[in-house]
Amino acid sequence: MTLPPFQALLDDHAEAIHRFLVGLVGPAEAEDCFQETFLAALRSYTRLREGSNLRAWLFTVARSKAMDAHRRSRRAPVPVAEPPEPRRSGNGGHGVEPVDGDLWAAVAALPEKQRAAVVLRFTCDLSHREIGRVLDCSDDAARRSVHEGVKRLREVWA
Amino acid sequence: MSDRIEELLRTGGGDGVGEAVERFLAKAEDGQLLDVAYARAESPFGDLLVAATPRGLVRVGFLHTMDEDAVLDELATRISPRVLRSPARLDDVRRQLDEYFDGRRRRFELRTDRALIHGFARKVLAQTARIPYGSFLTYGEVAAEAGNPRAHRAAGSALARNPIPIVIPCHRVLRSGGVIGNYGGGPEMKARLLALEGAKVAGTS
């Protein structure tokens, strides 16, 4: 067993996991999901097999926590995902330009698999191969989910 | 237009991750999921890495002679990979080390976890831990007290691999004739620690 110190996973992947969760469930829910993701990962870490792809594994855990949160919020009265704040706004303006907000609302409206694929591809910069690992599908299926997601966004976001 | 979409997607999220990480570390601690907590401590010789398990202080590493990642990898491999930075868990250790380096502390009052020490080394380091501040023994004397007077070489290698230097004061074991001998932090550090303690060693001023 040669697993790296858990702190190394946190240092290397916390930001990407956080961005993934914000993209999947919005900033309000992302905080709780982030806690649940890393606590679950830490709990099961010692049982992990050597040679696992740790980054893909963390994203898999995060996705399942996001799906849990989504199921919970469907029971809540107004299940509207809030748009995340863009990190760099084009003209140095404050807050979210309405048009960007619409895009994140459109992302939130995508089917779960397409949403995860699109966010993993662009927000987290994963390869199709890694996305396939996270979504438990082939590279080609991952590529198709990204493609369909972006196509759908192009239709609704104009 | 899809380029614009991709560009916007790339800028999503990322805010607030620092706070989220801090909250996670606090929860890991509360949930007793932290097998090894570590932090950096300062010393007049350079930074130290200090690490503790729930049982006590398990490692003091000299970062002026070794790499932090190497120390953490060793802890992950030999104790548990659930290793996380947690300065709060090491506050007491760091305070006592500060006092020691300031000359204000002669004895450490810390629990230690000797999980990284095996076999004859346990006996050697247990005897070493009893050498009072400001005094010293030779490798042969420590070997004798550990029950094997002829094992001075084994005693030497046990001391060289002491995972908790300073607190288990292997700097208080010298070669015969008051020759300083080797030290994980370098012979100069060893001489300066002995001088700090006011030990009367031949060949040191």
Side-chain angles (χ1 to χ4, degrees), chain A residues 1-11 14-24 26-27 30-39 41-43 45-46 48 83-90 97 99-100 102-104 106-107 118-119 121-125 149-151 153-154 157-158, chain B residues 1-40 49 51-53 58-59 61 67-87 89-90:
Chain A
M1 285 292 283
T2 51
L3 290 167
F6 196 82
Q7 184 70 45
L9 266 69
L10 196 60
D11 291 342
E15 190 186 333
I17 294 292
H18 194 265
R19 285 157 65 89
F20 177 51
L21 289 167
V22 170
L24 280 191
E31 164 68 28
D32 280 352
C33 288
F34 180 89
Q35 305 298 333
E36 287 169 16
T37 298
F38 276 98
L39 286 171
L42 181 59
R43 235 175 246 122
Y45 190 46
T46 49
L48 219 56
E85 299 259 344
R87 286 209 302 174
R88 292 177 297 279
S89 130
E97 295 168 49
V99 75
D100 296 4
D102 288 348
L103 176 65
W104 288 102
V107 171
V118 163
V119 174
R121 180 71 191 99
F122 298 108
T123 312
C124 305
D125 201 30
V150 172
K151 190 173 146 204
L153 289 177
R154 208 178 292 144
W157 187 79
Chain B
M1 190 163 71
S2 71
D3 285 352
R4 176 76 177 136
I5 288 177
E6 291 176 13
E7 188 190 319
L8 287 173
L9 287 170
R10 281 184 217 284
T11 62
D15 290 339
V17 65
E19 295 87 335
V21 166
E22 290 308 312
R23 272 192 290 274
F24 161 70
L25 289 171
K27 285 184 179 177
E29 171 114 42
D30 292 347
Q32 300 181 335
L33 292 169
L34 221 171
D35 295 337
V36 183
Y38 75 91
R40 280 183 177 228
L49 184 134
T53 69
V58 74
R59 186 78 174 94
D67 183 50
E68 176 171 293
D69 287 343
V71 180
L72 295 176
D73 284 346
E74 187 203 11
L75 292 166
T77 308
R78 294 186 61 192
I79 297 180
S80 162
R82 297 202 291 205
V83 178
L84 284 168
R85 196 157 44 226
S86 179
R89 273 264 290 271
L90 291 140

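A note on names: the letters A, B, ... follow the listed sequences, proteins ahead of strands, and every chain is numbered from 1.
L75(B) does not touch chain A: none of its heavy atoms, backbone or side chain, sits under 4.5 Å away. Only the side chain of V107(A) comes within contact range of chain B, with heavy atoms under 4.5 Å apart.
Annotation for P4(A) and A76(B): closest pair C-CB, 4.2 Å, computed over non-hydrogen atoms. Across every non-hydrogen atom of A28(B) and L42(A), the tightest pair is CB-CD2, 3.7 Å. Closest heavy-atom contact between L33(B) and L39(A): CD1-CD2, 3.9 Å. Nearest heavy-atom pair, A20(B) versus H18(A), reported as atom, atom and distance to 0.1 Å: CB-CD2, 4.1 Å.
Under the 4.5 Å side-chain criterion, counting only non-hydrogen atoms from C-beta, Q7(A) is in contact with L25(B). In this structure the side chain of R85(B) never reaches within 4.5 angstrom of the side chain of L10(A), judged on heavy atoms. E6(B) has its side chain out of reach of R121(A): every pair of non-hydrogen atoms, C-beta onward, lies at least 4.5 Å apart. Counting heavy atoms from C-beta on, the side chains of F122(A) and I5(B) never come closer than 4.5 Å. Taking the side chain as every heavy atom from C-beta outward, T2(A) and D73(B) never approach each other to under 4.5 Å.
Residues that satisfy the side-chain contact (heavy atoms from CB on, under 4.5 Å) test with A52(B), not counting sequence neighbours, are L90(B). Under the rule for a side-chain contact (heavy atoms from CB on, under 4.5 Å), the partners of S80(B) that lie at least two apart in sequence or sit in another chain are T46(A), D35(B), R82(B).
F34(A) CZ to R23(B) CZ: the interatomic distance, rounded to the nearest 0.5 Å, is 9.5 Å. Atom CZ of F6(A) and atom CG of L72(B) lie 14.5 Å apart (nearest 0.5 Å).
Here the side chain of R19(A) pairs a donor or acceptor atom with the backbone of R10(B) at under 3.5 angstrom.
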Step-by-step side chain to side chain contact (heavy atoms under 4.5 Å, CB included) determination, D11(A) to V21(B): CA-CA 9 Å; D11(A) 291 342; V21(B) 166; over 6 Å; no
Does the pair W104(A) and L9(B) meet the rule for a side chain to side chain contact (heavy atoms under 4.5 Å, CB included), with working shown? CA-CA 8 Å; W104(A) 288 102; L9(B) 287 170; 3.9 Å; yes
